[in-house]
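Read through the structure below, which is laid out as structure tokens, and then see the notes.
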Amino acid sequence: MGKIIGIRNGDTYSVTPLIVTSSISSGKITDVINHNAAGAANLYDCRVGLNVIKTKTDAGGTGTFDSFIRGRTNPNMGGYYYAYAFDGTTYVDASCRIPLSQCSVGNVSGKRRAYVSMGVACNGSKFRYFDVGIANDGNGWYPSVYGNNVYRLNTSGGYTLDPDIQYYHTGNMVVKTKNGETGTPLPANGIVTLKLETGLYTDRDYVRFTYTCGAMTGTIAFNAAKGTMHVRSNNKAKARFYRFMSVVPLLGQGENDNADNSALSAVIDTLKLGTASWTADKVQHSYVCQIENVKTVDVSTLTPASIGADADYCHIYHDTPTHPMA
């Protein structure tokens, strides 16, 4: 069991107060834990590294770790990387291709879930983001969507759709959107395409996600009252698209993030914002957390190695303890 890096507040843990501050705009932070912060005394033997690949201001100037990445750093949820586009209305959709023959996991069964994913960060008052991609618990890949605040835990221990949002599904592919659902198994040599769309009705906001893999298709959509999902500008939804790969513990607040030899190697390519290739110039922020266990990451042409201007590769292997239990 590992130590939880976080300050307890009721039944939840806040991580950011235990993260260092830094004005760097690129490069490595050898340890993101602020060992002088209140509540950090028991973390004396914890060390978690982070690499800032790129961070820019909204206007495209030089950004800092503190301005965006610090608040999105979680050092006890396994190794991961993210790449974010700029926030705005320039693009209302994003898409990619995931070749499953180039995606594999190891030693995750019963303890971790691997993700190869895109997402959209919204600016509304309630439904703030959606992760959209594929997941693997050790028994093969399946389509998976997580929507912030979309479901509520009910009294029987299951999940109920929030009354303020509507959900629609079409197609012959089942997309897992909550615990207890089973997504359609995807063929090991299949090619998955994803498309994420944001949009507006007169009094409603919506997101729509479309999957294809061979003869299988699945489209799901969520819509909610105006303003609860999107902020509107020039009759478009203001949003930020992103992509990421991770291998997260299935249970706990970080105590199960161990050196358990769990692994992910994966490729995501043909990345687009609208019809434009999602190249390095269209990435505002990118970073890698728990670099001790992220052995390789190629993000577009932002990293020394690259598999393509519109493609990412990541290899995660959890063999180094970063927050052990004393």
Side-chain angles (χ1 to χ4, degrees), residues 26-28 49-55 69 72-74 77-85 94-108 112-120 131-138 140-144 186-196 211-213 241-248 261-273 276-320:
S26 65
K28 294 180 180 180
L50 182 142
N51 184 23
V52 178
I53 297 173
K54 179 183 180 180
T55 187
I69 296 172
R72 291 159 180 82
T73 298
N74 193 328
M77 292 303 286
Y80 62 88
Y81 89 95
Y82 272 79
Y84 292 85
S95 58
C96 75
R97 190 187 83 122
I98 305 173
L100 297 181
S101 63
Q102 298 181 62
C103 301
S104 62
V105 301
N107 298 314
V108 299
R112 290 187 187 255
R113 178 171 294 142
Y115 292 99
V116 180
S117 194
M118 298 179 73
V120 56
D131 294 341
V132 183
I134 60 172
N136 193 322
D137 303 336
W141 295 101
Y142 58 87
S144 174
L186 300 170
N189 61 347
I191 295 175
V192 176
T193 63
L194 297 177
K195 185 174 184 179
L196 287 63
Y211 289 77
T212 66
C213 184
F241 294 100
Y242 55 89
R243 71 243 199 184
F244 69 94
M245 298 187 202
S246 61
V247 190
V248 301
N261 296 321
S262 57
L264 165 71
S265 291
V267 167
I268 186 171
D269 64 23
T270 321
L271 287 153
K272 291 183 180 295
L273 293 170
S277 293
W278 192 350
T279 46
D281 59 303
K282 298 179 182 66
V283 173
Q284 183 178 6
H285 309 285
S286 184
Y287 67 103
V288 186
C289 188
Q290 208 177 110
I291 57 177
E292 297 82 359
N293 292 311
V294 180
K295 307 305 182 182
T296 306
V297 63
D298 303 335
V299 179
S300 182
T301 54
L302 292 171
T303 44
S306 171
I307 64 166
D310 60 351
D312 297 347
Y313 166 74
C314 187
H315 173 51
I316 300 166
Y317 180 57
H318 293 112
D319 65 345
T320 302

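Just so it is clear, the structure is predicted and the values come from calculations on it, not from any experiment.
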Q. Looking only at heavy atoms, which two atoms of S246 and L264 are closest? And how far apart?
A. O-CD2, 3.8 Å
Q. How far apart are the closest heavy atoms of G133 and L194, and which atoms are they?
A. CA-CD1, 3.8 Å
Q. With a 4.5 Å heavy-atom cut-off, do R72 and Y242 have their side chains touching?
A. no
Q: Grab the two heavy atoms, one from A114 and one from V105, that are nearest each other, plus how far apart they are.
A: CB-CG1, 3.6 Å
Q: Would you please classify the geometry between the Y82 ring and the Y80 ring as parallel, tilted or perpendicular, with 30° and 60° separating the classes?
A: perpendicular
Q.
Can you tell me how far apart OH (Y81) and OG (S286) are? Round to the nearest 0.5 Å.
A. 7.5 Å
Q) Does any N or O in the side chain of Y211 come within less than 3.5 Å of the main-chain N or O of V132, such that one atom is a donor and the other an acceptor? A) no
Q | Donor-acceptor contact present, side-chain K54 to main-chain V283, <3.5 Å | A | yes
Q | Heavy-atom pair with the smallest gap, counting every atom of Y115 and S144 | A | CE2-OG, 4.2 Å
Q.
Would you compute the distance between atom CE of M77 and atom SG of C289 and round it to the nearest 0.5 angstrom?
A. 11.0 Å
Q. If you count the non-hydrogen atoms of other residues, nucleotides and ligands that lie under 6.0 Å from NZ in K295, is the total more than 12?
A. yes
Q: Take T301 and T279 through the side chain to side chain contact (heavy atoms under 4.5 Å, CB included) test and state the conclusion after the steps.
A: CA-CA 8 Å; T301 54; T279 46; over 6 Å; no
Q) With side chains defined as the heavy atoms from C-beta onward, is the minimum distance between T303 and I53 less than 4.5 Å? A) yes
Q: Take S306 and Y313 through the side chain to side chain contact (heavy atoms under 4.5 Å, CB included) test and state the conclusion after the steps.
A: CA-CA 8 Å; S306 171; Y313 166 74; over 6 Å; no
Q: Mind checking the CD1-OH spacing from I134 to Y142? Nearest 0.5 Å is all I need.
A: 10.5 Å
(Q) For the CD1 atom of I98 and the CE atom of M245, what is their distance to the nearest 0.5 Å? (A) 7.5 Å
Q) At what distance, to the nearest 0.5 angstrom, does CG of D310 lie from SG of C96? A) 10.5 Å
**Q.** Nearest-0.5 Å distance that lies between atom OG1 in T212 and atom NZ in K195
**A.** 11.0 Å
Q.
Which residues pass the side chain to side chain donor-acceptor pair (under 3.5 Å) test with S262, not counting sequence neighbours?
A. R112, D260, H318
Q.
Is it the case that the side chains of Y317 and N261 hold a donor-acceptor pair, with the cut-off being a distance below 3.5 Å and no angle test?
A. yes
**Q.** side chain to side chain donor-acceptor pair (under 3.5 Å) partners for T270, two or more places apart
**A.** none
Q. Which is it for Y287 and T55 under the side chain to side chain contact (heavy atoms under 4.5 Å, CB included) test, yes or no, and what are the steps along the way?
A. CA-CA 8 Å; Y287 67 103; T55 187; over 6 Å; no
Q: Evaluate the criterion side chain to side chain contact (heavy atoms under 4.5 Å, CB included) for residue pair I268 and M118; output intermediate values, then yes/no.
A: CA-CA 9 Å; I268 186 171; M118 298 179 73; 4.1 Å; yes
**Q.** For the student: nearest non-hydrogen atoms of C103 and W141, plus distance
**A.** O-NE1, 3.4 Å
Q. Do you know the tightest heavy-atom contact between S277 and K272?
A. OG-NZ, 4.1 Å
Q. With side chains defined as the heavy atoms from C-beta onward, is the minimum distance between D319 and N293 less than 4.5 Å?
A. yes
